[in-house]
Amino acid sequence: FRYATHLADGHGIVWNVGEVPVEGATEFAWMILIAGMIRSGLPAEAGAQTLGLLFSGLGALLLYGSSRRLFHTGRLPACIVSSAYAASTTVLHAGTGFATPLYTLLMLSAFLLTWRLLTDHTPSPVVEDMLPLCLFLLGLTRPEGILFGVLLYAGILAGRPSIFTAHFLRRQFLLLVLPGALYYGWRFAYFGYPFPNTYYVKLSAGFINPESAVRIARFTLRFCLLPAAVIAAWMMTLKRPARRTILIMTALPFLYMAVYLRFAMIQDVGFRFLFPAFGALLVFTAPALGALPSRIPRAGLGAVLIAASLWMVRASDHHGVFDDRHEIGRRLAAHDLRGHVMMPTEAGYLPFLSGWITIDPLGLNDVTVAHKGLTRAYIASRSPDLIMFHVDTAEYRERGAPIGADRWEAMTKLLHGYAREHGYRLVAVIQKSGRVSDGYHWYYLKPGMADEETVAAAILGVAGARYVVRG
């Protein structure tokens with residue numbers, strides 16, 4: 001929202017007005033869409049949530065329609081998969097304002113177009129043209145959409161190599177490769193780096209990020225195992241050519257999830273990185289349920305599938321509570337926006353609602369930190385008035401980094417040490433939510449900063465906040 005607001009106001013794709021462009025938004029097409037809404041006078045957050053709900057609903061309708069028209073299933077299996085999709089975290093994604101509903105809708109569309117290319121007796125030229133256009137939009141929405149496109153083309157090559165004629169390749173080049181290369185050339189010239197900040201920050205030091213591996217394994221066992229098992233049982237009833245095609249297509253969502261093994265899955269709200277793979281598996285779950293011999297097992301397995309989807313919301317560990325950062329960010333907006341600098345570990349409500357100059361110590365929105373790491377010298381050069389970090393304790397203590405959290409642990413230790421060494425005032429430690437396990441937000445203010453007492457009052461005056469420390 002912060003990037004979109006600055007773009008709508010004519011400042012370019014920047015994190016701080018007047019500074020160099022930064023590709024920290026990651027969801028490029030979504031940011032452009034939100035910027036257009038802001039430019040037309042609509043509020044960013046409510047507009048994004050409305051669009052998210054629209055795209056979530058279209059995803060459910062696409063699953064229902066494809067089940068009925070492509071796979072000729074009955075109403076019950078089609079209703080089951082669309083209900084499972086709607087009951088899952090897709091509405092949560094819409095509420096948080098991320099691009100996941102749009103990205104998933106595009107991914108489902110590309111997945112179904114690939115199925116058409118693999119199974120239609122004579123592939124339609126429209127389908128041949130729609131696939132590269134859909135993949136281009138997918139890559140614009142999130143960069144890993146490019147990787148999913150590579151997987152889809154690999155699946156087509158494995159399942160129907162004869163389709164790769166000169167005409168087909170020419171259409172893919174004109175509608176995907178050429179515009180993609182032009183976009184990539186522009187963004188490299190504009191931002192100065194080949195990949196978004198998120199790539200450099202989230203890339204694991206080892207070949208596999210252990211925390212991501214555990215998260216992917218749990219998501220697969222909890223939510224993908226049942227659809228995969230139903231699809232596998234259906235495959236056993238089919239002839240070998242059809243079985244092979246479905247096997248190829250079913251493998252693609254799992255291969256897609258494996259891409260995230262190389263990265264830390266920071267901000268994976270509602271399993272938003274893995275969720276599109278679940279949606280793709282639902283495509284074949286409908287005909288698999290329809291192939292069962294009677295309505296009783298269809299309804300029974302359908303009920304289990306919908307229940308698992310409902311559980312996804314709870315298992316995501318996100319409760320949608322507006323914590324102290326929302327109100328404090330709004331309160332800080334009353335102060336000189338260009339005269340104050342904050343350095344918060346989470347680049348959400350505080351930077352967006354306050355409008356303050358913001359330094360991202362994690363590096364998702366800071367080129368220097370993303371490429372060179374956070375140092376005491378860099379913190380000193382930006383001299384933040386407000387340092388805020390999120391840790392799991394109300395009394396700071398030295399500890400080893402939890403699995404996969406080395407970068408976050410090093411960042412918070414550095415911020416805590418810098419604040420103590422330079423005499424920053426600990427204004428507040430606030431429990432994030434009603435659950436102690438959600439951790440605590442620490443707020444430090446620079447001694448002698450402008451408006452120190454009124455800023456402290458803004459932090460200390462949040463009604464309903466659970467203050468553990470007041471300073």
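Remember, it's a predicted structure, so these values are computed and weren't measured experimentally.
In this model, no donor atom of one side chain and acceptor atom of the other lie less than 3.5 Å apart for Ser88 and Ser309.
The distance from the CG atom of Leu169 to the CD atom of Gln172 is 7.5 Å, given to the nearest 0.5 Å.
A donor-acceptor distance shorter than 3.5 angstrom exists from the side chain of Arg2 to the backbone of Trp15, with no hydrogens or angles considered. Of the possible donor and acceptor atoms, none in the side chain of Thr89 sits under 3.5 Å from a partner among the backbone N and O of Val313. A donor-acceptor pair is defined here as one N or O able to donate and one able to accept, closer than 3.5 Å; no such pair exists between the side chain of Glu346 and the backbone of Gly348. A distance-only check finds a donor-acceptor pair linking the side chain of Thr73 to the backbone of Ser67 [under 3.5 Å]. Side-chain atoms of Ser212 never come within 3.5 Å of backbone atoms of Ile208 as a donor-acceptor pair (strictly under, hydrogens ignored). Checked by atom type and distance alone, the side chain of Trp356 pairs as donor or acceptor with a backbone atom of Leu332 at under 3.5 Å.
In this structure, Met130 places its CE atom where only 12 or fewer heavy-atom neighbours from other residues, nucleotides or ligands lie under 6.0 Å away. Atom CG of Leu221 has more than 12 heavy atoms from other residues, nucleotides or ligands within 6.0 Å.
Sorted by first then second residue, the side chain to side chain donor-acceptor pair (under 3.5 Å) pairs that include residues 250-277, not counting sequence neighbours, are Glu27-Arg272, Tyr103-Tyr256, Glu144-Tyr260, Arg215-Asp268, Tyr256-Tyr260. Sorted pairs that involve residues 32-58 and meet ring-ring contact (aromatic ring centres under 6.0 Å, His included), not counting sequence neighbours, are lacking altogether.
Phe275 has its ring centre no less than 6.0 Å from the ring centre of Phe271. Between Trp115 and Phe71, a ring centre-to-centre spacing shorter than 6.0 Å is recorded. For Phe98 and Trp30, the distance between ring centers is not under 6.0 angstrom.
Applying the ring-ring contact (aromatic ring centres under 6.0 Å, His included) test to Phe195 and every residue at least two apart in sequence or in another chain returns Tyr199.
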